[in-house]
J.: 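This is the structure I have questions about; it appears just below.
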Amino acid sequence: MRRATPIARPPAATAAERLAGLRARIARACRDAGRDPAEVAIVAVAKTRPAAAVEELIRLGVDMFGENRVQEAAAKWPALRAAHPGVALHLVGQLQSNKAAEAVALFDAIHSLDRPSLVEALARACDRAGHAPLLFCQVNIGAEPQKGGCAIEETPTLLKRASDAGLRVEGLMCVPPAGLEAAPFFALMAKMADQLGLPLRSMGMSDDLEAAVMLGATHVRPGSALFGERPAPGGGQGEAPPLPAAGG
Ligand SMILES: *Cc1c(COP(=O)(O)O)cnc(C)c1O
C-alpha cells in the first residue's frame with residue numbers, strides 16, 4: 001500500500017484535477033488487481049449538478065453520466081444530448097413504474113431494475129419504443145429495509161421474470177450500507193453476478209472505488225470525486241454553523 005500524503009490536502013480545485021485524480025485512483029486499483037483500466041467505465045453521477053459542470057467534464061473527455069431522478073434528467077439532458085450526441089446517460093436511482101416509458105426514451109442504461117412491477121412496465125415501454133436500454137438489476141445487498149433493490153434471495157426469480165418478459169439484463173448494481181466497509185458487499189454482489197452468469201457489475205462510488213475495482217466493477221459511479229462536494233443535504237444551500245455570540 002502506498003503511504004498516505006502526510007498533510008490533509010484541500011479538495012482538488014478544478015474539474016481537470018479531480019478527473020486526473022480519479023483516473024489515477026482507478027489505474028492504481030487496476031494495477032493492484034491485474035486489470036485493464038479500459039474494463040472499468042466511469043459513470044459520472046451528475047445529480048444536482050448544473051449542465052455547465054457536465055459540459056466541463058465532457059470537454060475533458062468524460063462520455064458517460066448518471067442521474068438518479070427521471071425528472072431532473074428530463075430537464076437537464078435533452079439539450080446536452082443534442083449538443084453532445086456521443087455521450088451516454090445512465091439512470092442510477094430508483095424508477096417508478098409510471099415513468100418507465102420516459103426512462104426508456106431518456107436513458108441508454110438503467111441500473112435500478114428491482115421489482116416485478118417494474119419488469120412489466122419496462123417490457124411494455126421497450127416494446128413500444130422498439131429499443132431497450134442496457135439493464136442492471138439492483139440488489140439490496142445489505143438487506144436494508146429502507147433501501148431500493150431486489151432482495152438477494154429473490155434476484156434469480158426477478159431475472160427469470162425479466163427474461164420471460166423479453167428483457168435482457170446484463171449486470172447487477174448495488175449501493176452498500178452507509179458506514180460499513182463496502183468490500184464484503186461488493187464481493188457478495190460479484191459472486192452473485194458470477195453465479196447468475198451476468199458480465200456487468202455496477203459498484204463503487206467516490207469513497208469506495210478502489211475496493212469495487214479490486215472486486216471486479218465494470219461500471220463505477222463517482223459523483224463528488226468528479227464534481228466536488230455536494231452542499232449539505234436537506235437545506236439545498238447547506239446551513240452555516242451558528243455564529244458564536246458576539247461580545248467579550
Ligand atoms: C449519488 C450517487 C452516486 C455518487 O455518489 P458519490 O458519493 O458522490 O460518489 C453513485 N451512485 C448512486 C446510486 C448515487 O445515488
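One-based numbering, in listed order, for ligands and for the atoms of each.
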J.: Whether Asp108 and Arg81 form a salt bridge (side-chain N of Lys/Arg under 4.0 Å from carboxylate O of Asp/Glu) is what I want to check.
T.: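 The answer is yes: the pair qualifies as a salt bridge.
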J.: Can Phe107 and Glu67 be said to form a side chain to side chain contact (heavy atoms under 4.5 Å, CB included), step by step?
T.: CA-CA 9 Å; Phe107 294 98; Glu67 290 286 350; 4.3 Å; yes
J.: Any chance you could lay out the side chain to side chain contact (heavy atoms under 4.5 Å, CB included) test for Leu135 and Leu122, step after step, and finish with the verdict?
T.: CA-CA 10 Å; Leu135 293 174; Leu122 275 174; 4.3 Å; yes
J.: Should Leu113 and Leu198 be counted in the same cluster of Ile, Leu, Val, Met, Phe, Trp and Tyr side chains packed under 4.5 Å apart?
T.: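 Hydrophobic grouping puts Leu113 with Leu198.
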J.: Does CD in Glu153 sit with more than 12 non-hydrogen atoms of other residues, nucleotides or ligands closer than 6.0 Å?
T.: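 Enclosed: over 12 neighbouring heavy atoms sit under 6.0 Å from CD of Glu153.
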J.: Which residue owns the protein heavy atom closest to atom 4 (C) of ligand 1, what's the atom, and how far is it?
T.: Arg221 O, 3.3 Å
J.: Any non-hydrogen atom of Gly93 lying under 4.0 Å from ligand 1?
T.: no
J.: Report the nearest protein non-hydrogen atom to atom 13 (C) of ligand 1: residue, atom name, distance rounded to 0.1 Å.
T.: Val92 O, 3.4 Å
J.: Any idea which protein heavy atom is nearest atom 9 (O) of ligand 1, and the distance to it?
T.: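 Of every protein heavy atom, Ser206 OG, 2.5 Å lies nearest to atom 9 (O) of ligand 1.
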J.: For Asp207, state whether at least one heavy atom is located under 4.0 Å from any atom of ligand 1.
T.: no
J.: Classify the contact between Ser224 and ligand 1 as side chain, backbone, both or neither, using a heavy-atom distance cut-off of under 4.0 Å.
T.: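 Both backbone and side chain.
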J.: List every atom of ligand 1 that sits less than 4.0 Å from any heavy atom of Pro222, numbering the atoms from 1 in the order shown and giving each element.
T.: 9 (O)
J.: Of His90, His111, His219, which is the lone residue that meets side chain to side chain donor-acceptor pair (under 3.5 Å) with Ser202?
T.: His111
J.: Who's closest to atom 2 (C) of ligand 1 heavy-atom-wise, of Gln138, Lys47, Met205?
T.: Lys47
